[in-house]
Every structure is written in C-alpha cells, then in structure tokens.
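Labels below follow one simple rule: chain letters A, B, ... track the order of the sequence lines, proteins then strands, and each chain is numbered from 1.
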There are 2 protein chains.
Amino acid sequence: MTRNTALVLDNFLPYRLSVLSNVLSQSIAREYDKRFGLSITEWRVMAVLGCTTNISAREVAERTAMDKVAVSRALAKLLEKRQIERARSPLDKRASVLRLSGEGRRIYDLVVPLALEHEQRLLAHLDSEEQVWLTRILDTLWDAELAESMR
Amino acid sequence: MTRNTALVLDNFLPYRLSVLSNVLSQSIAREYDKRFGLSITEWRVMAVLGCTTNISAREVAERTAMDKVAVSRALAKLLEKRQIERARSPLDKRASVLRLSGEGRRIYDLVVPLALEHEQRLLAHLDSEEQVWLTRILDTLWDAELAESMR
DNA sequence: CAATTTTAGTTACACTTGCAACCAACTGCA
DNA sequence: TGCAGTTGGTTGCAAGTGTAACTAAAATTG
C-alpha cells in the first residue's frame, strides 16, 4: 500500500521521542518505586528540594515543569511519609516554605547517585561527540518548545 | 546548600527528555483531539493501519510500542467510530484482522500531512547538521533502550 | 482604603492508564 | 488424542492525572 505522503511511524520524530522517553522514565520509575516507594513526581519534588531549600510549592512547580495540582499531591504524600517539612511563609500566609526532612535528605542522598547512574547508563550508548550534540540539541529544543508551550 | 554529588534537575538527561517529549506530545494531542477527536493512542493505531493492512491487534501493539490493553481500548473506540474494520482471522480464531475503513482512510489522509508538519516545525529549530545527529542519536538510543526494555 | 483582580494551594470529578485476572483458542508434547 | 502451557484479546479495579471550581490571602487600582 503506497501513499502519496508516506508516514512510517518508526521514522516519525515526535513518536520516537515519546516512546524512547517513556521507556526510559518507566524503567527509572520502577526502580525508584521498588527501592524507595517514590513516584517520579515525588522524586522530582525531592530533587528540587535537595538543592534549593525553603521554597514554595509554586516554585517547585516551576522548576519541575509539573502543574500545581501534581505538586500539591506529591507534597501531600511526602509530608505523610515525613520526608519533607512544611511551614507557612510569614511574608505571604498563602505560601508554604518547604524543605527536606532529615529522613528526606537521607533518601535524597541515596537516590541521587542512582539517578546519575541511570544517566550514565544512557550516555554510555553514545560516543563523546554524540553526547555533546545531544546536549546541544536538547538545549535548543528545550528553549524553543518550552517557550512555545508557555504561551 | 552544596552537596557532594550535585544533581541539578535542569541538566538531568532523563528528566529533560521526559519533559520535552511530554510538551511535544501534549501539543500534538491537543490538535488531533480538537480537529479529529483522535487521541494519541488512537492516532498511533491508525498510523500503523495506514501503511499495513490486515494485521492483528498484537502486531499493532508491537509496532506502536503500546501494550495490548491500550491497543484493545483504542481499537474499541475506533470501531465505535467506524474508522476501522475488524474481522476474525480464519487461521487463528482468537486473532483479529484489522484495516482502516473508508472513513478511517479519509481521516488518516488528513492527519498525515499534519503530523509531518509538526515534525517539520520541530526540526525547523535545528540546523541540518543537528538534524542528522539527532536522528543518529535517536537510532542508537532506540536500539539500545528498547532492546533492554524488552528483556 | 474599599472593591476588584490575581495568586498560592487544595479539593472534587471525570477520565485515562496499567495490572491482574480472565476466557477462548492455539501449540506442544507425552 | 488429551492435558499443560502459551497466546490473543477483553474486562474490572485501583491508582494516577488534568480541569475546573473553590478558599484564603495578597496585590492592584481608582
């Protein structure tokens, strides 16, 4: 069956990107869940709180590219597990002030090397030239696409 | 707050890939839904049936990297909308034999150029050298990661 | 300094998704 | 044959997710 405009899914860029990133996320998600009972959204929140303390949920949402509802729910679970602590901001009584708890920090310190390992495992398939290009291409697309999606 | 092992989410490859591909998929999904009432899963099924007729649901699942439940549900909706046709295979009475209906083909022919446009819009952010590298890198990672995930 | 609009965060609801269990049909092997 | 295991496909249930509506607290403005 020949078409005037061929579309072979296997060569279709958005499709390939989506499948690849899903396979990747899934495999990471499984491991985080199994070893730490963490979902990807929870881990993203922890990742941000790991290097930036005392920020609000809104800022977490911004930095994780998650929407505020997802963040709110992830925070609720992390609070329940006592892996983060929350206070009200004295400056803005609507806003919360978030940080990892001692236990949260402990888990964070365990997950980080694991995450970096995952990244290395991925990069290991590429030679150094490819690695540089990948970073560069992601930078470009990130800026272009995220800018558009914010509109 | 400095850590021995730094992890900045913004530089973390799996994270960037995931966010980028989600933004991309979302924007495409929105348009397909608005203009054709098609979900991404439905569209993927159609895309496969557009160039390969008379295959089973299992084969569709394989080629779309979707699991069989997702395929089954997408097929149910497409059948309901009469965009595909299904028969039982005479060789294996469990298996179905699927193809686009006339209406399905009509929609397929409308979506394909749109899809290619989306791809071009994405590629337009990259120079030709970057485009070549991106393809090459995706090929490599695709083979490596999908092979692993199949295990 | 009220009245209006915006913002931080949560909740409720509908919808999607993934997993396990399931049925029916096929395969392989004794 | 005939029984055990596998495979194609569907269904039910639980969990996750997005949207809209909501509360409370700022910020804006006239």
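Protein atom CD1 of B:I40 is 16 Å distant from nucleotide atom C1' of C:dC15, rounded to whole Å. The distance between atom OH of B:Y32 and atom C1' of C:dT16, rounded to the nearest whole Å, is 20 Å. The CE-P distance, from A:M66 to C:dT10, rounds to 12 Å in whole Å. Atom C1' of nucleotide D:dG9 and atom CD1 of B:I84 are separated by 13 Å, given to the nearest angstrom. For the pair A:L75 CG and D:dT17 P, the computed distance is 14 Å after rounding to whole Å. Note: CG (B:D92) to P (D:dT6) measures 17 Å, nearest angstrom. One interatomic measurement links the two molecules: CG of A:N22 to C1' of C:dG18, which rounds to 13 Å at whole-angstrom precision. To the nearest angstrom, P of C:dT17 lies 18 Å from NZ of B:K68.
Between D:dG12, D:dG8, D:dT17, one nucleotide has an atom nearer to the side chain of B:V69 than all others, and that is D:dG12. If you check C:dG18, C:dG9, C:dT16 against the side chain of B:K77, the one that comes closest is C:dT16.
OP1 or OP2 of D:dG8 lies within a sub-4.0 Å distance of a side-chain N or O belonging to B:R58. OP1 or OP2 of C:dG9 lies within a sub-4.0 Å distance of a side-chain N or O belonging to A:S96. Residue A:R88 has no polar side-chain atom (N or O) positioned under 4.0 Å from OP1 or OP2 of D:dA26. Dashed line: the shortest gap from a side-chain N or O of A:S72 to OP1 or OP2 of C:dT10 is under 4.0 Å.
Counting non-hydrogen atoms under 4.0 angstrom, A:R86 reaches the backbone sugars and phosphates but no base. Among the protein residues, A:L91 comes within range of the sugar-phosphate backbone only, with heavy atoms under 4.0 Å from sugar or phosphate atoms but none that close to a base. Across all strands shown, B:S56 has heavy atoms under 4.0 Å from sugar-phosphate atoms exclusively, and none from any base. Counting any heavy atom pair closer than 4.0 Å across all strands shown, A:K93 reaches sugar-phosphate atoms only and no base atom.
Contact annotation: side chain of B:R73 to base of C:dG18, donor-acceptor pair present below 3.5 Å.
Looking at which nucleotide of DNA chain C each of A:A57 and B:R94 is closest to, the 5′-most match is held by A:A57. Toward the 5' end of DNA chain D, the nearer of the two residues A:E42 and A:D67, judged by each one's closest nucleotide, is A:E42.
Residues B:R63 and A:D10 are not paired through a salt bridge, judged by the lack of any N-O separation under 4.0 Å between the basic side chain and the carboxylate. Remark: A:K34 does not engage A:E31 in a salt bridge, criterion side-chain N to carboxylate O under 4.0 Å.
Nearest heavy-atom pair, B:T140 versus A:H125, reported as atom, atom and distance to 0.1 Å: CG2-O, 3.4 Å.
Remark: side-chain polar atoms of A:R99 are not paired, donor with acceptor, to backbone N or O of A:R86 under 3.5 angstrom.
In this structure, a donor-acceptor pair under 3.5 Å is absent between the side chains of B:R73 and B:T41.
B:V48 and B:V97 end up in different hydrophobic clusters when Ile, Leu, Val, Met, Phe, Trp and Tyr side chains are linked at under 4.5 Å.
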